[in-house]
Amino acid sequence: MLRRVPTRPRSPEKPRQPDGGRGNVLQRIKLCVVLTFPSHSSGYHVSANSTAAFRAPAASPHFPTLEEQVLAFWDQHSIYEQSLARRANAPTFVFYEGPPTANGMPHPGHCLTRAIKDVFPRYKTMRGYRCERKAGWDTHGLPVEVEVGKELGIHSKEEIEAYGVEPFIQKCQSSVWRYMQEWQTLTRRLGFWVNLEEAYVTYHQSYVESVWWSLKNLFDRGLLYQGHKIVWWWAQGGTALSAGEVGQGYREVADPSVYVLFPLVDQPERSLVVWTTTPWTLPSNMYAAVKPDLEYAVVKDSETGQELVLAAALVESLAGKLKRELTVIETISGESLVGQRYQPPFDDYHSRLNDPTGELVAGGEESLYWRVVAADFVTTDSGSGLVHLAPAFGEIDYEVLVTERTRFVDGQRPELLCAVGPNGKFTDEFASMKGVWVKEADKTLTRTLRESGRLLHLEQYLHDYPFCWRADDDPLIQYPRESWFIRTTKFRDLMLKNNSKIGWQPEHIRDGRFGNFLESNVDWALSRERYWGTPLPIWVCQSTGRMEAIESYEELLAKPGVDGTQVWDNAKAANPELPDDLRVHKPYIDSVTYDSPFESGARMQRVSEVIDCWYDSGAMPFAQWGWPHQNDAQFQEQFPADFISEAIDQTRGWFYSQLAISTMLFGEGASIREAGTKANELAPSRDSESDYPHPFRNCIVLGLMLSQWYESAGKEGQAKTVLLSEAEADQAEGKFTKKTGKMSKSLRNYRSPSEIFDKYGADAMRWYFFANQAPWNSIIYADQAIRDSIPEFLLRLWNTYSFFSIYAEIDGFDPTSATDVDEQLSPASLASAPTYRPISERSEIDRWIHSELHRTLATVINRMDAFDNYNACQAITNLLDGLSNWYVRRSRDRFWAPDSDSPDKHDAYWTLYEVMLELTKVIAPFVPFLADTLWQELTAPFGDKALKSVHLCDFPKPDATRVDQKLSDSMRLLREIASMGRSARADAKLKVRLPLSKVEVILTDDSAIDWLQSHDALVREELNVKAVDYTTDGGDYVQYTIVPNFKRLGPKVGKNIPVVKKMLGEADGNQLLTQLQTAGFVELELPSGPLKLDGEDIEVRLQAREGWAAAQGSGCVVVLNTEVTPELRREGLAKDLIRGIQSQRKELDCQYTDRIQVAIETSDAELQSAIEEHRTMICGETLADELVIGTLANAQQVAIEGGELYVAKVSGK
RNA sequence: GGGCGUGUAGCUCAGUUGGUUAGAGCGCGUCGCUGAUAACGACGAGGUCCCAGAUUCGAGUUCUGGCACGCCCA
C-alpha cells in the first residue's frame, strides 16, 4: 500500500521563534512517497526515491520481527564464528557451560541462566578476548530412567530387569535428545551464542573415559572406598529412593512411641530411659546417646522402686505420662553417663557376640557395643533425653558408628548390627521373629518388652512418615546399603581454601551457603544401583575380592584374557544404528571380564554400580575435552574457567562437584593419598598457591525465578482461573488477585519463553533480566515486567535513532564524507570528514554528551569487569536518558536550523552520530539484536567499508580527555534549575505557555555563575522567560542556614557536633555567610574553646522564603517574577490559541503541509488585540492562510477560552 | 530443628567505607508538547527503611534479640 511518510517533512513556511522564517527549508525537503509492508512484517519503510544516506524508520518497530531478521543475518554471515575468528590469537577468557539436561523442556529459568551466560562472553569478546563457548549436555541419571519408565509404563527395578537392561538403556540414550529441538530453538532465539555443534555430551565414550581416568586416579590413591550408606529404602520394590521421590510421599501416620528401660551393667537397679518411635529397630540397638552438657536426673519410680535416668527437664512430663510420682534423688551431667554400659533391650546380639571389647587407638580397651555415647543432636524437645541408636536405620545414628569406629584400632572395630534383610523382614540375626515385616513387628516387640519388664511407657504418636510414591501402602524404611564413597573429607580444608579465592557474586555465598556446606563436608556417596549412568570402572577379582580401576576402554581391551566384548559386537551387528558410545555402558561393559592379576585362574568382573551423575557434571572441566586421553592443549588452555554461572540450587550440585573434583585432582590436592598407595602420576602438578581458585574463578549465583499472575478468588469446588497479565485480569469477570510465587506447570502460571519472544522479543527479556535487579535476587518472570522494558529502554533508544535518521534524511547528512574511516567507524577515524570538527571546538552540549558518554564507558567497563551487569545497565540507562531527554531535546533547533551547511549543524550531526555508534557498541552484549539492527542502519552508508555486525567490533574505550567533570556537574545544575523553575511555575499555577519576564536563580556560591550565564538561553527557553539573573545574594527571597559538614567535622569535633549544629542553626545564617565570604571562615565559641570553621567545614543551605513563587533544590533556589504584564498576557493568549488551532488541525486530519483558514468569534478585547499583535506568529505556526475575527461556514466550531474557534482546511491545495 | 538469604513508596527494586532532604522505573494525579506524535516531556503526591534494644556526636547501613517470608538441608 502507498501512504505518506509518517515521519513527515516539515511544513515549509512555518516560521519558528526566535530565529524567524525558514522558507529555504522548503527546497531541501523531499516529499517522498514510501512503500510500507503490512504491519509487523518489517520495521522499515522503503523509500521509493530517496538518495539520502539514511532513511527514516517506522515509528513503532516490531522487535520480534527485527530479531528474526538479525538471526537470519547472523546465520547467513556466520557472525558468531567471525567474532571468534577475529580473536584467534587473543588472550583467552574461559567460560564453562554447566550442562543442562535436554530430556526436560526448557523453561523460563533457563532463559535467565542462558542470558547471563551470554552477556559476559559477548562483552569479553568485544573487549579483546577469545572466548570459546562449548555447549554441553547432561545426559545420565535417574530422571532419564524415570522418563523412560513412564513411557514404558514400568517403575521398579524388577520391571526394568524384566524388560531388559539392554533395550532400556538404548531407550535412555535416545530419550536424552527428546527436547533437543526446543533447547536449540530457545538457545538460538534468545541470542545465546554457544557452540552447539561441538557440545560435550556426558554419555559419549570420550567423556566417560575421562571420568574413568579421574576415578582410577582417586582409586589408586586410596580415596575411593566401600562403605554403608543409610538410604530411604523401598523394601517391597528392593530399591532406594532419591530425596525428591521421598519428599513426594510423606503423610501423617500414628506410630508407637515407646519409653524403654536399659539397665546399667554396673548398677542394675538403675536404668536408662530410652525413647524411640521405631520399636522394630530395638533388636539392632548399638548405643544410647546423651548430650554431654545436658543435666540428667536420677529419679525413683514410686511404683516400682526402680531408679530411672533421664533428662532433668523431662522428668515432669514423663511423670505426667506415667501418672505417678518420680522423685529426683540425684542430678548428674550427661558427660558422666558417657561410657556407661547397659543391657540391650533384646539379648540376641548380646549373647551371640558375647559383649566384645576392642583396643582403642588412644590405648586401652572399651566395649564395642551397648554403652552410652555423647551426641550433640540429642534434645529435650521430646522423649527422654536419651536416644536409642540403631546405626543401620538412621543416618545420624550411622555417623555415630563411623565416629566410634575411628576410635578403635583396625580389625577390632564395631560392626554394623542389622537384624533386618533388604526385604524389610527380620533375618536369622533375630531368629524369634524371622520373616516378619518390620512394620508389623512393633506390637509383638512391645509385648515382649512389657513381659520382660523393660517397657516403661507406650503411647501413640502422630507424625509425617514417607511412603513409596509408586505404591501408596508401602512405608519406606531407612536401610543400610553398600555404597562407594570418595574420601572428600580429606580435602575439606583444601576445598575451603580453594573456595576462599573464588569471586562469588553475591559474595555471601563464599562464607555463607557454600562455605558452610564445605565445612560440614561428608564423604561423597558416589555409587548408584541404577542402569543409565557412567559405569563405575572397578573390576573385582572373583576369587580374592581384590580390585583395580580401569581408565579407558582401550586399557580394558588390552587386559589378558579379555572376554565378553562380543556382547557389544553382536548388539552392534544386529543394530548398526547403535551409537558406539553405548559400549562403555551397562549392560555391555558388565560382560567384559579378564584374567585376574591377583590369582591365577580367577577372573576380573566389573562391580555393578553406576555413578552419581553429579560427578559427571563436575568432571566437565577436563572431560569436555576427553582429557587426558586427548586434547591436552585445549584442556591446558581452557583451565580454569574465568566465568561460570548457574542458579543457587547448584550450590550442592555443579558448584560443589566441580570444586571437589578439581581440588582432589589438580594442584595441591593431587599429591594427597592414603598411606601405601600409588602416587598420582597422571594429574598435572600445578603450583599449589598461585593456582587457586580452580576450576572456576568467578561465579554469578542466580536467584530463583518466580512468576507473577492473577488468580480468581475461585469458588469452592471450582478450578482457579489463572491469567497472566493485568489487562486480561481487568477485562475478565470476577475478582482477580495478584500473586507472586513459584512457577508451576500444573497451574500454568507463566508464559512460555516462545510466547514472550513472539510478543516482545528476546532483547526485551534480556534487558529486563540484566537491568532490573541484581541477578542473585529472585527475579519475577512476568508478562508485564518484560513488556515494560520496551518503552523504558528499547523504544527510547529506537526513537532517538529515529529522530536522528529523520533529520539526517532531510538534511542529507552523509557520514561517508569521512573517507578514512576504519571498519569500526571509530571516533578517531570519523575525524577524516571535512565537516567533522574537534570536540573541543563544538558547543557546550556536544562536549557535554561526549563527556557523559565517556564517563558511562568507564563505568560500564568497571562494572562489567566486576561481573556486575546490573549497575552497568544503570549507567547505560542514564546515558540514554541524557541523550534522549536532554541532548536531543535541547538540540532540536540545531537540527532544524535553516543552514544545512553551518558548522554548528554539522557538529550536531557528528555528535549524535558518533554517540549513537558508540552506544550501539556498548549495548551490543546486552541487547544483541537491537544493537545489530542499529549498527546496520547507522553504518549502511559505508557499505562494505564498515564491519557487517556490531558484534565484530571492539568495545569502546573511555577517553579521559573527553570527560569534563566540571561540565557534567554544571549541566546537572542547569537541568536542576530548569526543573526548579517548572516546579515553581506549577506551584504558582503559571503555565509554561505564559511567558514571564524574569527568573532569579540564587546559588550558594558563585563558582558556576559565569558558565550558567553563558547558557541562559537554554534556561530561558526551557522556562519561557525573557531573562534569567544569577546571584549568590538571595536578599529577600532566601533564608540561609548553615549546617556542619558532618562527614568532615565528625571526626574533628566528635561529641560537640550537636552543639556546633545548634549554634550554627541558631545564628543568623545570612550574617554567617557574609562573614564566611569576607573572612574566609567563621568562628564559634564552644564551651571547650573557640572553633574556626572554613568553607569546607560547613554547608550553606538555601530556603526559599514564604511569599515568593520559588522552588528550591539542593544547591539553588529559583524565584519567578510573577508579574504578568498585558504584553506577556497577550503573548500567552496567542500561544494558547496556537495550541487550540493545532489541535483542530489534528482533528481535521491535516497533513503537515495543508493550509487552513481560521476564524475566532470573540468579544474579548484582549484576545482580539493578542491576535492582531501576534498574527504573523499564529499564522506561521499553524499554516493559516486566513485569520479573522468572526465565524466560518462549514467549519468545526470549538470553544476556547474567551470565544469560539473555527478551523477549516483550505481546499484544492 | 539447623544454615543461608530477603524485608526500603501502591507495585518491582537500587542504596558503595555510618554523615543528617532515602532514590529509580512502573502505576497514580496534574500539567505540558503536538515537526520523535498510536510517541514524548515536566511536575507532584506517596516512606515509622519489619519490630525492639545496643554501639555512636550521628544508624536504612554496624551489633544483639525477635517477627514475617523464601530457599537449602535435616
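The chains referred to below are lettered A, B, ... by the order of the sequence lines, with proteins before strands, and numbering in each begins at 1. Only heavy atoms go into these numbers, but all of them, side chains included; no hydrogens, no water, no symmetry mates.
- Distance, A:L794 CG to B:A36 P: 21 Å, rounded to whole Å.
- When the side-chain contact (heavy atoms from CB on, under 4.5 Å) test is applied to A:R894, the partners found at least two apart in sequence or on another chain are A:S843, A:I845, A:D846, A:Y887, A:S891, A:D904, A:D907, A:A908.
- When rounded to the nearest whole Å, the span between CE of A:M705 and C1' of B:C71 equals 16 Å.
- Note on A:A782: nothing from the nucleic acid sits closer than 4.0 angstrom, heavy atoms only.
- Between the base of B:C40 and the side chain of A:R889 there is no donor-acceptor pair shorter than 3.5 Å.
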Taking only nitrogen or oxygen atoms into account, show me every contact under 3.5 Å that the protein makes with nucleotides 7-12 of chain B, one pair per line with its distance.
from: B:C11; atom 1: O2'; to: A:K738; atom 2: NZ; distance (Å): 2.9

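- For A:K1055, taking side-chain heavy atoms from C-beta onward, the closest of the listed nucleotides B:C71, B:C57, B:C40 is B:C57.
- Side-chain atoms of A:K1047 and base atoms of B:U20 include no donor and acceptor less than 3.5 Å apart.
- With A:R985 contributing its side chain and A:L994 its backbone, the two residues share a donor-acceptor pair below 3.5 Å.
- Remark: B:C71 base-pairs with B:G3. Criterion, Watson-Crick or G-U wobble with two distances under 3.5 Å.
- Every residue meeting the ring-ring contact (aromatic ring centres under 6.0 Å, His included) condition with A:F393, not counting sequence neighbours, appears here in chain and number order: A:W280.
- Rounded to whole Å, the C1' atom of B:G60 lies 12 Å from the corresponding atom of B:G23.
- Side chain of A:T877 to main chain of A:C873: a donor-acceptor pair is present (N/O by atom type, distance under 3.5 Å, no hydrogens or angles).
- Contact annotation for A:V1059: no contact, since no heavy-atom pair falls under 4.0 Å across all strands.
- The nearest whole Å value for the distance from the CD1 atom in A:I509 to the P atom in B:U6 is 10 Å.
- Nucleotides B:U6 and B:C13 place their P atoms 13 Å apart, quoted to the nearest Å.
- The residue among A:L1049 and A:P1058 whose nearest nucleotide of RNA chain B lies closer to the 5′ end is A:L1049.
- Residue A:E507 qualifies as open at atom CD: its count of foreign heavy atoms under 6.0 Å is 12 or below.
- With both pairing distances under 3.5 Å, B:U34 is matched to nothing as a Watson-Crick or G-U wobble pair.
- Interface remark: the A:R892 side chain does form a donor-acceptor pair with the B:A36 base, using a distance-only criterion of under 3.5 Å.
- The interatomic distance linking A:L795 (CG) with B:G41 (P) rounds to 10 Å, in whole Å.
- Spacing between B:U48 and B:A22 at atom C1', rounded to whole Å, works out to 14 Å.
- In this structure A:R863 satisfies the side-chain contact (heavy atoms from CB on, under 4.5 Å) test together with A:T859, A:A866, A:D868, A:N871, A:A872, sequence neighbours excluded.
- Scanning for side-chain contact (heavy atoms from CB on, under 4.5 Å) contacts around A:S789 gives A:A764, A:W767, A:Y768, with sequence neighbours left out.
- Distance noted for atom P between B:A42 and B:C73: 48 Å (whole Å).
- A gap of 14 Å separates the P atoms of B:U16 and B:C50, to the nearest Å.
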Close N/O contacts between protein and nucleotides 61-69 of chain B (under 3.5 Å):
none

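- Rounded to whole Å, the C1' atom of B:G1 lies 43 Å from the corresponding atom of B:C57.
- Across B:U20, B:C72, B:G41, the shortest atom-to-atom separation from the side chain of A:R513 is found for B:C72.
- At a threshold of 4.0 angstrom between heavy atoms, the contacts of A:K1061 include nucleobase atoms, whether or not backbone atoms are also involved.
- Closest to the side chain of A:N799, from the set B:A39, B:G70, B:G19, is B:A39.
- For the pairing with A:F895, the ring-ring contact (aromatic ring centres under 6.0 Å, His included) check across A:Y913, A:F803, A:F804 returns one residue only, A:F803.
- In this entry the distance linking CZ of A:R510 with P of B:C4 reads 15 Å, nearest Å.
- Across all strands shown, A:L704 has heavy atoms under 4.0 Å from sugar-phosphate atoms exclusively, and none from any base.
- With rounding to whole Å, A:D881 atom CG is found 13 Å from B:C40 atom P.
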All N/O pairs under 3.5 Å across the protein-nucleotides 23-31 of chain B interface:
from: B:G25; atom 1: O2'; to: A:E792; atom 2: OE1; distance (Å): 3.4
from: B:G25; atom 1: O2'; to: A:E792; atom 2: OE2; distance (Å): 2.4

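- Taking atom P in both B:A9 and B:G46, the straight-line distance is 14 Å, to the nearest Å.
- With sequence neighbours excluded, the residues satisfying side-chain contact (heavy atoms from CB on, under 4.5 Å) with A:W776 are A:Q505, A:P506, A:A774.
- Comparing the same atom, P, in B:G27 and in B:G70 gives a spacing of 29 Å after rounding to whole Å.
- A:Y656 pairs by the ring-ring contact (aromatic ring centres under 6.0 Å, His included) definition with A:F517, A:W524, not counting sequence neighbours.
- Between A:I1138 and A:I396, the one whose closest nucleotide on RNA chain B sits nearer the 5' end is A:I1138.
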Practice task
With salt bridge (Lys or Arg N to Asp or Glu O under 4.0 Å) as the test, would you mind laying out the steps for A:K1135 and A:E1131 before giving the verdict?
Solution key: CA-CA 6 Å; A:K1135 287 192 167 171; A:E1131 189 181 334; 3.8 Å; yes
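- Close to B:G3, at under 4.0 Å from its OP1 or OP2, lies no side-chain N or O of A:S520.
- Going from atom NE2 of A:H508 over to atom C1' of B:G3 covers 13 Å, rounded to whole Å.
- Partners of A:F867 according to the ring-ring contact (aromatic ring centres under 6.0 Å, His included) rule, which considers only residues two or more places apart in sequence or in another chain, are A:F120, A:F643.
- For A:E646 (side chain) and A:Q650 (main-chain N/O), no donor-acceptor pair under 3.5 Å exists by modelled atom type.
- For A:E792, the salt bridge (Lys or Arg N to Asp or Glu O under 4.0 Å) test picks out no residue, with sequence neighbours left out.
- Heavy atoms of A:R652 sit under 4.0 angstrom from primed sugar atoms or phosphate atoms, though from no base atom.
- Side-chain atoms of A:F1046 lie closest to B:U20 of the nucleotides B:U20, B:C73, B:A36.
- Across all strands shown, B:C11 forms a Watson-Crick or G-U wobble pair, both distances under 3.5 Å, with B:G25.
- Nucleotide B:U20 forms no Watson-Crick or G-U wobble pair with any nucleotide shown, as no partner meets the under 3.5 Å limit on both distances.
- For A:W709, there are no ring-ring contact (aromatic ring centres under 6.0 Å, His included) partners two or more places apart in sequence or in a different chain.
- Checking B:A52 for Watson-Crick or G-U wobble geometry (two distances, each under 3.5 Å) identifies B:U64 as its partner.
- For A:K742 and B:C71, the shortest distance from a side-chain N or O to OP1 or OP2 is below 4.0 Å.
- Relative to the side chain of A:Y807, the nucleotides B:C4, B:A36, B:C72 differ in distance, and B:A36 lies closest.
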